[in-house]
Protein chains: 2
Amino acid sequence: MSVPTPGAPAAHRTGRSTAVRGRRGGQAGSREHILDTARKLFAEHGFEGTSMRQVARAAGVDPAMVHHFFKGKDELFAHSVELPADPEQVLAGVADADPDRRAELIVRTVLRLWESPAQAALLAFLRGSIGSKAKTALLREMVERRVISRIMASVPGPPEEVALRGNLVATQVVGLMMVRYVVRLEPLASAAPDEVVQLVAHTVQRYLTGPLT
Amino acid sequence: MSVPTPGAPAAHRTGRSTAVRGRRGGQAGSREHILDTARKLFAEHGFEGTSMRQVARAAGVDPAMVHHFFKGKDELFAHSVELPADPEQVLAGVADADPDRRAELIVRTVLRLWESPAQAALLAFLRGSIGSKAKTALLREMVERRVISRIMASVPGPPEEVALRGNLVATQVVGLMMVRYVVRLEPLASAAPDEVVQLVAHTVQRYLTGPLT
DNA sequence: GCTTTAATTCATCAGCTGATGAATTAAGCG
DNA sequence: CGCTTAATTCATCAGCTGATGAATTAAAGC
C-alpha cells in the first residue's frame with residue numbers, strides 16, 4: 001500500500017508545498033523484476049528450496065535489494081503469490097450462474113486462470129502451500145472460505161451435504177490442476193482447454209447437483 | 001543392501017570359520033528409529049524443509065549417526081519413502097480385475113494404502129515430489145510407468161484414448177488424495193472409506209470404460 | 001545548487017547446512 | 001582375554017542462509 005505512483009502531486013491550490021518532494025518510488029523496474037524472478041524460482045523449487053540470494057542473483061541485483069523492498073522471505077513469498085490469489089474477482093460470475101449449469105463455467109475459469117501469465121505464481125503458491133503442514137493449513141482455510149463457499153453458493157440441499165459436494169468438486173478440480181499443470185501427464189497436459197472442459201465438466205456437475213451415489 | 005541380519009552364520013560345514021566375526025549390525029534400534037523420525041519430519045515439512053540435524057535431534061541421536069547409516073540427505077529421503085513405493089505389489093490384483101468393475105477396487109486400494117501406517121511415508125513422498133520441478137519429473141515417470149500402466153492394463157481402445165483415460169483416472173484419484181489426506185477438507189477427510197468409495201468410484205469407472213464426453 | 005527521498009551497494013553478522021575423518025565405546029566370538 | 005566389527009561420539013570444515021546497518025548514488029522538486 002501507499003506506493004506513490006508518479007503523476008500529479010497533491011496540493012496545488014495554495015502556494016504551499018504539500019507535494020511529495022524527493023525521488024519517486026518504483027522506478028528502475030527492480031521491484032517488479034525481483035517479483036517476477038521470485039515467482040519463477042518459487043514455482044520451480046518451492047518455498048524452502050529457494051533462497052533470497054538465489055532470487056537476487058537470478059534477478060541480477062544485490063541481495064540487500066530484496067530485503068529493501070520486502071522485509072523478509074515470508075513477505076517476498078506473500079507478494080509473489082498474492083496477485084492470482086483474489087478468488088473473489090476470479091470467481092465473480094460463478095456464484096451468480098445457475099447451479100445446474102455451473103460446472104462448465106467453473107472448469108473453464110480454472111483453465112483460463114492457469115493458462116494465463118499467473119501460472120508461475122500459481123505453481124509457486126501450490127508448491128509452497130503443499131510443502132509444509134503449517135502452510136497447508138493456510139491453504140485449507142483459504143480454499144474453504146474463499147473458493148468453495150463461492151462455488152457452492154445457492155446450491156440447494158442440507159448444509160452437510162452441500163459441504164460434501166464442495167469437497168467432491170474440489171477433488172476433481174484439484175486433481176485436474178495437479179495432473180495437467182504440476183505433474184504434467186500426457187496427453188492431458190497438452191490437450192486443448194475446450195477438450196478438457198468437455199471431459200471433466202460432467203463429473204463436476206454431477207458432484208454439484210447430481211445424484212451422489 | 002547387504003545389511004547382515006542376525007541369525008545363522010554362513011559356513012559351518014568345515015571347521016574353518018568363515019562366519020561373521022565382530023559385532024552384529026542393526027541392533028540398538030537406531031537405524032529404524034532414525035527412519036521413522038525422518039519420515040515424520042519429511043511428511044510435515046517436505047524435503048527442503050527438513051535438515052539432517054533436525055532429524056538427528058528429533059531422534060535423540062548424534063548428527064553423524066544419520067550420515068553413518070545413510071550416505072547423505074538424498075539417500076535418507078530415498079529410504080524414508082521407499083517402503084510404500086512398491087506399486088507392483090500394491091496394485092497386484094488390479095490389473096487382473098475386469099475393467100468394467102475395476103474402479104471400486106482401485107479406489108479401495110488407494111484408501112487402504114493411505115489409511116495404513118504408510119501414510120507418513122506417502123505424505124513425505126508427496127511433499128518431497130511436489131516440492132521441486134526436478135523431483136516432480138521423477139514422480140511423473142514413476143506414475144506413468146508403474147501405476148497408470150497397471151491400472152489401465154487390458155482396458156480396450158486405441159492407445160491414445162487409453163492414455164487419456166488413464167490421465168482422467170489420475171485426476172480423480174490424485175484429487176481425492178490431495179483433498180482427503182493433504183489438505184484435509186471436511187467432511188471428506190473424516191468420511192468412512194466405504195462412503196468415499198461409493199462417492200468417487202462411479203467417476204473413476206466412467207473414465208476407465210464409460211463414455212468420455 | 002541544495003534538499004529530500006528512494007534506489008543501490010558494501011561489509012558484516014551469527015546461525016545453520018551437509019559433510020568428513022578420527023577417536024571412542026560396545027557387542028559378538030574364538 | 002584379544003580380535004573383529006559395528007555403533008556412537010567429537011571436533012571441524014567450507015559454504016550458504018536470512019538479516020542488518022551504514023555508506024553511496026541517482027532522481028525529483030525547490
Side-chain angles (χ1 to χ4, degrees), chain A residues 2-12 14-35 38 41-42 45-78, chain B residues 2-12 14-35 38 41-42 45-78:
Chain A
S2 83
V3 175
T5 314
H12 44 73
T14 76
R16 295 227 291 104
S17 99
T18 323
V20 281
R21 296 255 286 159
R23 180 181 183 172
R24 292 299 149 77
Q27 304 236 80
S30 284
R31 213 190 112 105
E32 284 308 311
H33 185 222
I34 289 175
L35 269 184
L41 291 182
F42 281 135
H45 310 112
F47 178 77
E48 314 273 5
T50 305
S51 73
M52 314 222 82
R53 293 166 130 95
Q54 279 173 28
V55 172
R57 211 177 309 134
V61 150
D62 191 282
M65 286 286 306
V66 187
H67 275 90
H68 174 67
F69 287 115
F70 314 93
K71 285 180 189 171
K73 194 179 177 183
D74 289 311
E75 192 175 313
L76 172 63
F77 181 75
Chain B
S2 84
V3 175
T5 313
H12 43 76
T14 75
R16 293 228 291 104
S17 97
T18 324
V20 280
R21 295 256 285 158
R23 181 179 183 172
R24 292 299 150 77
Q27 304 234 82
S30 284
R31 213 189 113 103
E32 284 309 311
H33 185 222
I34 289 176
L35 270 184
L41 291 182
F42 281 135
H45 309 114
F47 179 77
E48 313 274 6
T50 306
S51 72
M52 312 221 84
R53 294 167 130 93
Q54 278 173 29
V55 172
R57 210 177 309 136
V61 149
D62 191 281
M65 287 286 306
V66 187
H67 276 89
H68 174 68
F69 286 115
F70 314 94
K71 285 181 188 172
K73 193 179 178 183
D74 289 311
E75 192 176 314
L76 172 63
F77 181 75

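Below, all heavy atoms of this structure are taken into account, side chains as well, without hydrogens, waters or symmetry copies. Protein chains get the first letters and strands the later ones, always in sequence-line order, with residue 1 at the start of each.
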Between [N] ([atom2]) and [X] ([atom1]): distance, integer Å:
X: A/F70; N: C/dA6; atom1: CZ; atom2: P; answer: 16 Å
X: A/L76; N: D/dA19; atom1: CG; atom2: C1'; answer: 14 Å
X: B/H67; N: C/dT17; atom1: NE2; atom2: P; answer: 12 Å
X: B/F47; N: C/dG18; atom1: CZ; atom2: C1'; answer: 10 Å
X: B/F69; N: D/dT9; atom1: CZ; atom2: C1'; answer: 13 Å
X: B/K73; N: D/dC16; atom1: NZ; atom2: C1'; answer: 13 Å
X: A/F77; N: D/dG18; atom1: CZ; atom2: P; answer: 14 Å
X: B/E75; N: C/dA19; atom1: CD; atom2: C1'; answer: 14 Å

(request) For DNA chain D, write out the stems as range with range, using runs of 3 or more consecutive Watson-Crick or G-U pairs with both distances under 3.5 Å. (result)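 Expected stems, ordered by start: C:1-6 with D:25-30, C:8-23 with D:8-23, C:25-30 with D:1-6.
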
(request) Grab the two heavy atoms, one from B/H67 and one from B/G72, that are nearest each other, plus how far apart they are. (result)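 Heavy atoms only, the tightest pair is CD2-CA, 4.5 Å.
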
(message) If I compare all heavy atoms of A/E75 with all of A/F70, which pair ends up nearest, and what's the gap?
(response)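 Closest heavy-atom pair between A/E75 and A/F70: OE2-CA, 3.9 Å.
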
(request) With rounding to the nearest 0.5 Å, note down the distance linking CZ in B/F42 to CG in B/L76. (result)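 Spacing of CZ (B/F42) from CG (B/L76) equals 4.5 Å.
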
(request) Starting at NE2 of A/H33, measure out to CZ of A/F69 and round the result to the nearest 0.5 Å. (result)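 Spacing of NE2 (A/H33) from CZ (A/F69) equals 12.0 Å.
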
Only pairs under 3.5 Å count here: list side-chain donor-acceptor contacts from residues 45-64 of chain A, not counting sequence neighbours, and write none if there are none.
from: A/T50; atom 1: OG1; to: A/L41; atom 2: O; distance (Å): 3.2
from: A/T50; atom 1: OG1; to: A/G46; atom 2: O; distance (Å): 2.7
from: A/S51; atom 1: OG; to: A/Q54; atom 2: N; distance (Å): 3.0
from: A/D62; atom 1: OD1; to: A/A64; atom 2: N; distance (Å): 2.8

(request) Taking only heavy atoms on the protein side, list every residue of residues 53-65 of chain B lying under 4.0 Å from any atom of DNA chain D, sorted numerically. (result)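 Heavy-atom cutoff 4.0 Å gives B/D62, B/A64, B/M65.
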
(request) Take A/S51 and A/K71, find for each the nucleotide of DNA chain D with the closest heavy atom, and name the residue whose nucleotide sits nearer the 5' end. (result)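 So the residue in question is A/S51.
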
